[in-house]
Asks: 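Pasting a structure below so you can have a look.
Residue numbers start at 1 and run along the sequence shown. Nothing here was measured: the structure is a model prediction, and the numbers come from that model.
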Amino acid sequence: MQLRGCGTALVTPFRQDGAIDDAALRNLVAWQIDSGIDFLVPCGTTGETPTLTHDEWLHVIDTTIEVDAGRVPIVAGATSNATHEAVEKAKELAAREGVNAILTASPYYNKPTQEGQYRHFKAIAEAVGDKPLILYNVPGRTAANLEPSTLARLAEIPNIVGIKEASGNMTQIAEAINAVPETFLVFSGVDAVTLPVIALGGVGIVSVAANEIPHEMASLAHAALANDWTTARSLHRKYLPLMQANFIESSPLPVKAVLAMMGKIEEVYRLPLLPMRRDTRSRLQKIATEVGVIVKPAGPPAEVHDFFIYENWAAGPHKIVVHRGTCGQCSHGKGRPSGHDANHSRWHGPYNTLPEAREAAHAMTGVLIRSECKCV
């Protein structure tokens, strides 16, 4: 197993009914591999793993293994804040053919000491035999920072072979790289600092942005590892706005929103995550369009001003909104806000003039709320 380059921290696609979208997951995994990604990381933080049942967690990993068919390594996530549960989950993955390594994060919520983290990871490593273990330091989510001195102790355990470092603290990352053997694998866990981590001796990135731009993120990592800094910096400069926008709200909200804009998945999350706010989603769409991830839909000719009425009853009472055809939300009578399915909403129109649309809106019966979009 050669773990190096760019691995994708895969999202978990859901259908409108909340179930795992098998077709979207399979297509996403296949597209990642075809795009040249180096390894896959199902069921990490980006995969909304805390909201998955035990069976769903295994199903996502098994599906990834099946589609992958041995083409690239799979580093599957197994994390818990209870050490005994983390051990059991890791043992299940260690016994699964097709899982090449296990990613496990610091225990969350408990806020263990450095010695507590050491014993937690040591217990997992000893339970999985010689299966490689990649640690995951993400103190912004776990409230437990894995310090370089503790990492150095853990690196002495034979099957603890690397770390995904997502602290974002470059001084700490530099100290960590200096504290471990040169053969120990240090991956950036933050897309935006991939280049400095590799420059310090890191071996790549476990990437959120690779969900959207797998070929580009793989090319960026490969160029940096080959000391082709001109290419690496050019790619970094172009896609840095997207890397940063992926955290404009809690991840994985933005990356799933962009994937939905690209037509790869439906934009569905599980509570406690909710769809993005309208203002930040508009900023995200603008950035994704500017870097070329999505193509701005061509509107109708400038002289044509068709109008549409959007009817929605997902929350109970019927509501209607009059839109101009060129409105970004309307998309010429084809758009539908996140969380609205075709069974609880519909478009009416087009209407040639605004008065005609207003007359049609007032003629509709059973409507509790009538309004007009700001585009009107």
Side-chain angles (χ1 to χ4, degrees), residues 7-33 35 37 40-68 74-80 89 93 103 105 108 141 206-214 242 245-278 280-281 284-285 288 293-294 312-315 329 331 334-345:
T8 305
L10 290 166
V11 302
T12 302
F14 299 122
R15 301 196 307 256
Q16 287 291 340
D17 62 5
I20 292 172
D21 189 336
D22 270 356
L25 176 60
R26 289 174 177 276
N27 289 337
L28 181 65
V29 170
W31 177 57
Q32 293 286 318
I33 297 169
S35 298
I37 214 68
L40 295 168
V41 186
C43 291
T45 304
T46 312
E48 294 175 78
T49 308
T51 70
L52 302 179
T53 66
H54 184 271
D55 287 346
E56 287 175 329
W57 165 67
L58 287 177
H59 177 74
V60 169
I61 292 168
D62 285 342
T63 301
T64 304
I65 292 170
E66 181 184 338
V67 177
D68 175 47
I74 292 175
V75 182
T79 294
S80 175
K89 291 177 73 174
L93 294 188
L103 179 75
Y108 49 87
R141 287 188 181 266
V206 177
S207 171
V208 173
N211 282 281
E212 306 147 316
I213 48 171
L242 180 64
N246 280 332
F247 295 89
I248 199 170
E249 285 193 33
S250 297
S251 182
L253 299 184
V255 66
K256 292 189 83 172
V258 171
L259 285 170
M261 296 173 196
M262 296 170 69
K264 300 289 185 183
I265 66 171
E266 293 189 64
E267 191 179 347
V268 182
Y269 315 90
R270 285 184 176 177
L271 283 171
L273 296 183
L274 293 170
M276 296 180 69
R277 301 193 311 271
R278 180 177 294 182
T280 51
R281 193 179 191 281
L284 177 68
Q285 186 170 14
V293 173
I294 59 174
N312 167 42
W313 59 97
Q329 295 181 59
S331 189
K334 297 178 182 178
R336 184 171 284 110
S338 172
H340 290 195
D341 62 79
N343 295 321
H344 296 87
S345 60

Asks: Shortest non-hydrogen contact from Arg277 to Glu249?
Replies: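 In this case the closest contact between Arg277 and Glu249 is N-OE2, 3.0 Å.
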Asks: Sub-3.5 Å donor-acceptor pair from the side chain of Glu48 to the main-chain atoms of Pro252, do we have one?
Replies: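 Answer holds: no.
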Asks: Kindly indicate whether the side chain of Arg15, heavy atoms from C-beta on, has any atom under 4.5 Å from the side chain of Val268.
Replies: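 When only atoms from C-beta onward are counted, Val268 and Arg15 do not touch, as no gap falls below 4.5 Å.
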Asks: Measure the shortest side-chain to side-chain distance between Leu25 and Val67 over non-hydrogen atoms and say whether it is less than 4.5 angstrom.
Replies: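 The answer is no; the side chains never approach within 4.5 Å.
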Asks: Would you confirm whether Arg26, through its side chain, and Thr63, through its main-chain N or O, come within 3.5 Å as a donor-acceptor pair?
Replies: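 No, the answer is negative, given that no donor and acceptor are paired below the 3.5 Å cut-off.
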Asks: Kindly say whether Met261 contributes a backbone atom to a donor-acceptor pair with the side chain of Gln285 at under 3.5 angstrom?
Replies: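 Absent.
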Asks: Below 4.5 Å, heavy atoms only, C-beta onward: do Ser251 and Thr45 meet side chain to side chain?
Replies: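 A side-chain contact under 4.5 Å is absent here.
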Asks: Between Glu267 and Arg281, is any pair of side-chain heavy atoms under 4.5 Å apart?
Replies: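 When only atoms from C-beta onward are counted, Arg281 and Glu267 do touch, with a gap below 4.5 Å.
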Asks: Please check: side-chain N/O of Ser207 versus main-chain N/O of Ala209, any donor-acceptor pairing under 3.5 Å?
Replies: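 Judged by distance alone, yes, a pair lies under 3.5 Å.
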Asks: Nearest 0.5 Å please: distance from the CD atom of Glu66 over to the NE2 atom of His59.
Replies: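 One finds 9.0 Å between CD of Glu66 and NE2 of His59.
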Asks: Do the side chains of Thr12 and Glu56 get nearer than 4.5 Å, heavy atoms only?
Replies: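 No; the side chains remain at least 4.5 Å from each other.
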Asks: Would you say Arg270 has more than 12 foreign heavy atoms packed within less than 6.0 Å of its CZ?
Replies: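 Yes - once you tally the heavy atoms of other residues, nucleotides and ligands closer than 6.0 Å, there are more than 12.
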Asks: Would you check if Leu10 and Leu28 make a side-chain contact, meaning some heavy-atom pair closer than 4.5 Å?
Replies: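 Side-chain contact under 4.5 Å: yes.
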Asks: Compare every heavy atom of Val11 with every heavy atom of Pro13, then report the nearest pair and how far apart it is.
Replies: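 Looking at all heavy atoms of both residues, the shortest contact is CD-O, 3.6 Å.
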Asks: I'd like to know if the side chain of Trp57 and the backbone of Gly77 have a donor-acceptor N/O pair within less than 3.5 Å.
Replies: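 Flag set: sc Trp57 to bb Gly77 pair under 3.5 Å.
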Asks: For the atom pair OG1 (Thr64) and CG (Leu40), what is the distance rounded to the nearest 0.5 Å?
Replies: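 Answer for the OG1-CG pair, Thr64 versus Leu40, is 7.0 Å.
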Asks: Report the distance from atom CD1 of Ile37 to atom OG1 of Thr8, rounding to the nearest 0.5 Å.
Replies: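 It is 3.0 Å, given to the nearest 0.5 Å.
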Asks: Rounded at 0.5 Å granularity, tell me how far NZ in Lys256 sits from NZ in Lys264.
Replies: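 It is 15.5 Å, given to the nearest 0.5 Å.
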Asks: When rounded to the nearest 0.5 angstrom, what distance separates CG in Leu273 from CZ in Phe14?
Replies: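 Nearest 0.5 Å value for the CG-CZ distance: 9.0 Å.
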Asks: Using 0.5 Å steps for rounding, measure from the CD1 atom of Ile74 to the CG atom of Leu103.
Replies: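 It comes to 13.5 Å.
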Asks: Between Ala76 and Ile61, what is the shortest heavy-atom contact and its length?
Replies: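 Ala76 and Ile61 have their closest heavy atoms at CB-CD1, 3.9 Å.
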Asks: Would you mind reporting whether Thr79 and Thr49 have side-chain heavy atoms less than 4.5 Å apart?
Replies: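 A side-chain contact is absent here, since even the closest heavy-atom pair is not under 4.5 Å.
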Asks: May I ask you to test the Leu274-Leu253 pair for a side-chain heavy-atom distance under 4.5 Å?
Replies: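 Result no, sub-4.5 Å side-chain heavy-atom pair not found.
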Asks: If I compare all heavy atoms of Met276 with all of Ala257, which pair ends up nearest, and what's the gap?
Replies: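 Closest approach of Met276 to Ala257: SD-CB, 3.9 Å.
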Asks: If every non-hydrogen atom of Pro214 is compared with every non-hydrogen atom of Trp31, which pair is closest and at what distance?
Replies: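 For Pro214 and Trp31, the tightest heavy-atom pair comes out as CD-CH2, 3.4 Å.
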Asks: Could you report the tightest heavy-atom contact between Ile294 and Met262, atom names first, then the distance?
Replies: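 Scanning both residues completely, I find the closest heavy atoms to be CG2-CG, 3.6 Å.
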Asks: Just by distance, do the side chain of Asn211 and the backbone of Val208 share a donor-acceptor pair under 3.5 Å?
Replies: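 Pair found, side chain donor or acceptor close to backbone of Val208.
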